[in-house]
Asker: 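One structure is given below, represented as structure tokens, and several questions about it will come after.
The residues of the chain are indexed from 1 along the displayed sequence.
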Amino acid sequence: MAKIEIKGTPEKLDRIAIFLKANSIPHVIIDDYGNHSKEDSEKYRDLMLRHND
């Protein structure tokens, strides 16, 4: 298995996840336990719920 780390805002990560799903590229968004604001942490959790199978 190979991994790619993508750094960016929740909005950028959402765009990337949509692109991957549209192109049938398997992917998983994981929590990196970074120092995010409460608002960003909620956005990342939402992304994981929407994009992870």
Asker: With the threshold set at 4.0 Å, does a side-chain nitrogen-carboxylate oxygen contact exist between K43 and D14?
Answerer: no

Asker: What are the two closest heavy atoms between Y44 and G8, and how far apart are they?
Answerer: OH-O, 2.7 Å

Asker: Rounded to the nearest 0.5 Å, how far does CD1 of I16 lie from CD1 of I25?
Answerer: 11.5 Å

Asker: Nearest 0.5 angstrom please: H51 NE2 to L13 CG, how far?
Answerer: 7.5 Å

Asker: Step by step, work out the side-chain contact (heavy atoms from CB on, under 4.5 Å) result for I6 and K12.
Answerer: CA-CA 9 Å; I6 300 170; K12 288 181 183 178; over 6 Å; no

Asker: Measuring from atom OG1 of T9 to atom CG of D40, what distance do you get when rounded to the nearest 0.5 angstrom?
Answerer: 7.5 Å

Asker: When rounded to the nearest 0.5 angstrom, what is the spacing between CZ in R50 and CD1 in I29?
Answerer: 8.0 Å

Asker: Does the pair E11/R15 count as a salt bridge with the N-to-O cut at 4.0 Å?
Answerer: no

Asker: Which heavy atom of K21 sits nearest a heavy atom of H27, and at what distance?
Answerer: N-CE1, 3.8 Å

Asker: Tell me, do V28 and M48 make a side-chain contact under 4.5 Å, heavy atoms counted?
Answerer: no

